[in-house]
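Below: one structure, written as structure tokens.
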Amino acid sequence: MSFDVILLGTGSPLPNPDRCGAGQVVISADDRIVIDLGWGAARRLFAGGVPPPGVDTLCITHLHSDHTTDIPDFLIMRWAGGAQRPLTVYGPEGTRSMMEHFLAAMERDIYYRFAHHGEKLSQEGIKVEVHELPATADRRVAGTIGAITVESFEVDHFPVVPALGFRLSAAGAVAVFSGDTKKCDNLTRAAQGADLLVCEALNANIFKVMGERLRAVNPNTAAVMDDVPDYHATTIEVAEMARDAGVKKLVLSHLIPPVPNEGPLAEGFAAGMSDVFAGEIVVGRDLMRLTVGAG
Ligand SMILES: [Zn+2]
Ligand SMILES: [Zn+2]
């Protein structure tokens, strides 16, 4: 049993033309599960060959904008594209209110489209069924979608509380998604023996140089940026978690700062990590496709 993962967005809140906001889609037989939909990630679904109407499940790690702001576009694309069933949404406390407000913001659009197209559009396809998940130190089953078991666990993105990571598995094939977190024992435990860990990563050296350059031109933004390392894991800490969890493959996503795809910053992003973690390390790119498990 195997399933595929496509990285829809490998960036973070800082703008970068190569990297969209956070997002990934898991593809298993006829099921498609999207995890997070930051800015631009919904559009990446088309480039990844996964049109929104084929997606019936959305998992949200936490309610930061770089993980959520493509959701209203996705809802409309999915529904107008022919979805017949409600979207099932799993997320932390606060998800229900956010989804209700996204739909409220699109209320006029939905009204106009029904007024124009009538019964050609499904009444069900624009609905959402939200499951707010408790934040637990140990992983717990959120739901089962086809062959995939979806589990959630709490990560440490304080003061963003609650924040979740997800573990998706099917017949022994396991992929773990960190969400946004500092170095976190819950994540290390949930990722034990995983075939794939998709983990956020902050390169402290590149971030520091970028911050100093920014300070020269925009000291206020630079001061805000000083807070960013408080709630993210450095590349070396990510390597430590991957080592301690014994994962087979580590893919860095949600890169801070979001370096270009090519050039010395991308080449140096994972510097020093292989001294800590002996497994495969990949610096993720938007639309990278990964297979989890064998055949
Ligand atoms: Zn983020
Ligand atoms: Zn965040």
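Read the numbers this way: they start at 1 and go in the same order the structure lists the ligands and their atoms.
Taking the N/O/S atoms of His62 in turn, the shortest distance to the Zn ion (ligand 2) belongs to NE2. Looking only at N/O/S atoms, Asp180 comes nearest to the Zn ion (ligand 2) through OD2.
Within the 2.8 Å limit, His67 places at least one N, O or S atom next to the Zn ion (ligand 1).
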Under the side-chain contact (heavy atoms from CB on, under 4.5 Å) rule, what do Phe46 and Met77 come out as? Steps first, then yes or no, please.
CA-CA 11 Å; Phe46 293 95; Met77 290 173 185; 3.6 Å; yes

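Grouping the Ile, Leu, Val, Met, Phe, Trp and Tyr side chains by contacts below 4.5 angstrom, directly or via other members, places Val251 apart from Ile236.
Computed with the Zn ion (ligand 2) at the centre, the His64 ND1 to His157 NE2 angle is 90°, stated to 10 degrees. The OD2 atom of Asp66, the Zn ion (ligand 1) and the NE2 atom of His254 define an angle of 90° (nearest 10 degrees).
For the side-chain contact (heavy atoms from CB on, under 4.5 Å) criterion with Ile33, the lone passing option out of Asp56, Ile27, Thr57 is Thr57.
Within the 4.5 Å cutoff, the side chain of Ile35 has heavy atoms near those of the Leu168 side chain. With a 4.5 Å cut-off on side-chain heavy atoms, Asp36 and Ile60 count as touching.
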